[in-house]
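Everything on this sheet refers to the single structure shown next.
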Amino acid sequence: MAEVKSNELMEKIVSLCKRRGFVFQSSEPYGGIQGFWDYGPLGTELKRNVKELWWQTMTRFRDDVVGLDATIIMHPQIWRASGHVDTFSDPMCDCRITKKRFRADQVDPQSGTAYHYTGAVDPSTGKSVEEPFSVLIPSNKPPESARKVATQFFVLRGLKEVQLQGERSESVADSIRYNPDNGALLTEPRPFNLMLKTYVGPVADEENVAYLRPETAQAIFVQFKNVLDTSRQTVPFGIAQVGKAFRNEVTPRNFTFRSREFEQMELEFFIRPDEAVEALAGPVAEVSLEGWKQEPQPNWGWEVWHKYWVEQRLRFYEGIGLSRSTLEEYWQKPDELAHYARATVDILYKFPFGTQELEGIAARGDFDLTQHQKHSGKSFEVFDEEVKNAWAKLEEPRKLEIHQRTTAVRLQALLKKGVSASEAPAQAEAEAKAFFEKLAKGHYLPHVIEPSAGADRLILALICSAYEEEQVTDEKGKTETRVVMRLHPRVAPIKVGVFPLLKNRPELVAKALEVRDLLRAHMSVFYDDAGAIGRRYRRQDEAGTPFGVTIDFDTLGEKPELKDTVTLRHRDSMKQERLPISELLTRLLAAIR
RNA sequence: GCGAGCGUAGCUCAGCCUGGUAGAGCGUCACCUUGCCAAGGUGAAUGUCGAGGGUUCGAAUCCCUUCGCUCGCUCCA
């Protein structure tokens with residue numbers, strides 16, 4: 001029941017998006033193209049506002065974050081270094097009978113007796129199927145059970161009666177080629193690469209393969225040194241980027257939620273490794289003290305920084321109209337973490353089709369810079385004079401203590417990675433030694449906290465959250481449904497509608513146009529003189545316009561004391577107030593900031 | 001990629017079973033009207049019935065293929 005309702009709600013939202021010009025299907029006259037969406041006039045304004053607010057919040061209002069705008073196509077080696085070429089393609093295979101899909105490398109290994117068939121014929125019609133098929137059954141089971149499964153298979157191939165051909169059996173151990181549920185032979189594994197490929201240069205051969213970026217983050221890592229060298233920033237600092245990314249999703253679904261072309265808003269915030277923080281400021285701050293809700297402090301290690309960014313991001317969402325009650329924080333469990341992450345928090349929104357991810361805030365350690373250093377052969381280390389000096393001043397026992405703790409952590413990591421217990425201690429010690437030799441000179445690879453948000457997902461969340469059907473009763477006692485988009489004034493595509501009360505009175509129209517021109521320079525304004533005033537208000541309700549300004553006869557001076565005043569109508573409450581035109585701009589600007 | 005369902009005007013949908021050549025409501029546009037919350041009047045536009053092919057004298061309707069949407073499987077940095 002709840003599901004039906006949420007589907008209906010989603011359909012209404014999709015329908016409104018099209019009707020009012022928020023979102024269109026891409027390439028519509030050609031039948032559309034799966035996983036691609038266009039923004040119409042209102043959607044475009046909404047998206048611009050959201051990206052602009054993100055940019056302001058993340059960069060302009062801070063001293064410690066700068067911007068980058070990198071290309072979508074980059075050197076293909078980058079995607080080897082980042083791990084996308086390998087981990088972004090999963091071999092898949094299907095059960096030939098039930099069509100169930102498996103990750104080819106994650107099928108439970110099966111042992112038993114395999115029965116192979118070369119095909120089957122239908123004795124009643126003489127029809128034959130030449131396709132070979134195999135079934136694996138436990139060795140203690142009779143061949144009949146294998147034949148039963150094989151019969152199913154050939155029935156699906158169009159035979160009514162099945163006479164199996166060329167049966168032969170062999171024993172098989174630990175095979176991942178058979179469906180654990182029914183023993184049926186799986187299809188050959190097929191690779192699924194989730195990166196979109198293209199060719200650079202006129203010749204489309206393997207030498208010239210390039211990829212459309214599946215995330216904007218890697219460009220930031222790759223340009224990290226250039227930004228550091230030119231921006232007069234020092235660690236800790238961040239690089240922000242907004243831009244398109246592309247993923248060849250298996251199943252684009254849920255309207256714009258999972259698209260193949262989408263826009264990301266990403267920050268890579270580079271911090272000192274905990275050892276450097278400790279040398280500089282003493283023991284790293286504890287997360288539990290809630291200091292991360294304040295301004296950044298020198299004694300913050302990666303965990304506090306991580307919490308800090310989670311909090312910052314939640315505040316951002318609240319600031320544009322997504323209340324905390326519609327959001328969820330999900331701390332990924334250790335076994336769910338991606339290969340690069342130390343900790344990841346997902347910020348989820350309760351969409352009508354389910355609670356889904358809006359943003360992931362990952363603590364990536366120094367994984368990415370290490371990878372690019374390795375693959376490019378160039379150094380990504382920073383020189384940090386403060387750390388060098390601080391380390392030099394540290395007492396020997398403290399140095400030793402920090403060193404030992406780091407060695408222990410590295411040892412655990414190595415063991416977890418599968419390095420043998422005999423080799424791991426020496427390797428951990430060697431790694432720690434190399435690290436501290438560099439640290440003593442002020443050299444290290446920064447660690448990274450990555451808040452990575454999906455712009456299109458956020459737009460969708462804002463639209464879903466804003467959509468409301470309200471029962472309104474007029475003075476005559478008639479009840480009707482008002483559809484209103486309660487978009488936060490900050491993000492609303494149109495900030496104010498300007499209406500002459502009547503359009504057949506030239507004086508009203510002239511005055512209204514004057515008001516429009518006054519406001520236009522400062523915000524997006526929509527002028528409308530068509531139909532009854534109530535209809536114009538309601539039309540703007542569906543567009544999410546927070547304010548309406550109406551010019552009437554009092555504006556013109558019918559009642560002298562009201563001359564040059566207008567009606568300001570509020571979308572959410574439908575309340576009206578009277579105020580002088582001279583105060584209008586100040587009032588509206590305050591409300592939309 | 002597989003399975004199921006769906007695709008008719010801008011939107012919501014009827015017509016399809018039982019082929020005869022397309023409709024409703026809302027919306028849109030113009031003019032009039034309208035003295036503050038969508039339903040007044042007059043007039044107008046709009047559909048290759050998702051696309052292609054087949055059967056037929058004739059296809060929105062029956063058959064095949066294809067594309068898109070929804071759900072499930074699967075996947076999801």
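Each chain gets a letter, A, B and so on, in the order its sequence line appears, and its residues count up from 1.
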Legend entry - Carboxylate-amine/guanidinium contact A:Lys511 A:Asp564, below 4.0 Å: yes
Legend entry - Option among A:Lys51, A:Lys244, A:Arg457 that satisfies the side-chain hydrogen bond (donor to acceptor under 3.5 Å, both in side chains) test with A:Glu263: A:Lys51
Inset, instruction - State whether the side chain of A:His375 and the backbone N or O of A:Gln371 hold a donor-acceptor pair below 3.5 Å, judged by distance alone. - result: yes
Legend entry - Closest nucleotide among B:G68, B:G35, B:A38 to the A:Leu501 side chain: B:G35
Legend entry - Inter-nucleotide P distance (B:G52, B:C67), Å rounded: 15 Å
Inset, instruction - Report the nucleotide, chosen from B:C69, B:G35, B:A38, that has the shortest atom-to-atom distance to any side-chain atom of A:Leu502. - result: B:G35
Legend entry - Nearest-Å distance once atom C1' is located in both B:U42 and B:U34: 15 Å
Inset, instruction - Output all residues satisfying salt bridge (charged side-chain N to carboxylate O under 4.0 Å, His left out) with A:Glu470, sequence neighbours left out; order by chain, then residue number. - result: A:Arg482, A:Arg486
Inset, instruction - Run the salt-bridge test on A:Asp554 and A:Lys563 with the 4.0 Å N-O cut-off and return the result as yes or no. - result: no
Legend entry - Residue-phosphate contact under 4.0 Å: A:Gln576 side-chain N/O, B:C37 OP1/OP2: no
Inset, instruction - If a protein heavy atom is under 4.0 Å from the base, mark B; if only from the sugar-phosphate, S; if neither, -; do that for nucleotides 26-33 of chain B going 5' to 3'. - result: --S--S-S
Legend entry - C1' gap between B:A9 and B:U70, integer Å: 22 Å
Legend entry - Residue-level proximity of residues 558-573 of chain A to RNA chain B when a heavy atom falls under 4.0 Å: A:Glu558, A:Thr567, A:Arg569
Legend entry - A:Thr545 backbone acceptor or donor facing A:Lys495 side chain under 3.5 Å: no
Inset, instruction - Please state the C1' separation for the pair B:C57 and B:U66 - nearest whole angstrom. - result: 28 Å
Inset, instruction - Using a cut-off of 6.0 Å, state whether more than 12 heavy atoms not belonging to A:Arg80 lie near its atom CZ. - result: no
Inset, instruction - Give a yes/no on whether any side-chain N or O of A:Asn254 is located under 4.0 angstrom from OP1 or OP2 of B:C71. - result: yes
Legend entry - B:A24 to B:G15 separation - C1' atoms, rounded to the nearest Å: 11 Å
Legend entry - Under 3.5 Å donor-acceptor, A:Tyr349 side chain and A:Ser465 backbone: yes
Inset, instruction - Go through B:C37, B:G68, B:A38 for me and flag the one nearest to the A:Gln25 side chain. - result: B:G68
Legend entry - Among B:U12, B:C36, B:A38, the one nearest A:Glu542 by side-chain distance: B:A38
Legend entry - B:A60 to B:C49 separation - C1' atoms, rounded to the nearest Å: 4 Å
Inset, instruction - Answer yes when A:Glu577 and A:Arg569 have at least one side-chain N-carboxylate O distance shorter than 4.0 Å, and no when they do not. - result: no
Legend entry - Salt-bridge contact A:Arg571-A:Asp541 (side-chain N to carboxylate O under 4.0 Å): no
Legend entry - Atom P, compared across B:A14 and B:U56: separation rounded to whole Å: 31 Å
Legend entry - C1' spacing across the pair B:A22 / B:G47, given as an integer number of angstrom: 9 Å
Legend entry - Base paired to B:G7 (Watson-Crick or G-U; both N/O distances under 3.5 angstrom): B:C67
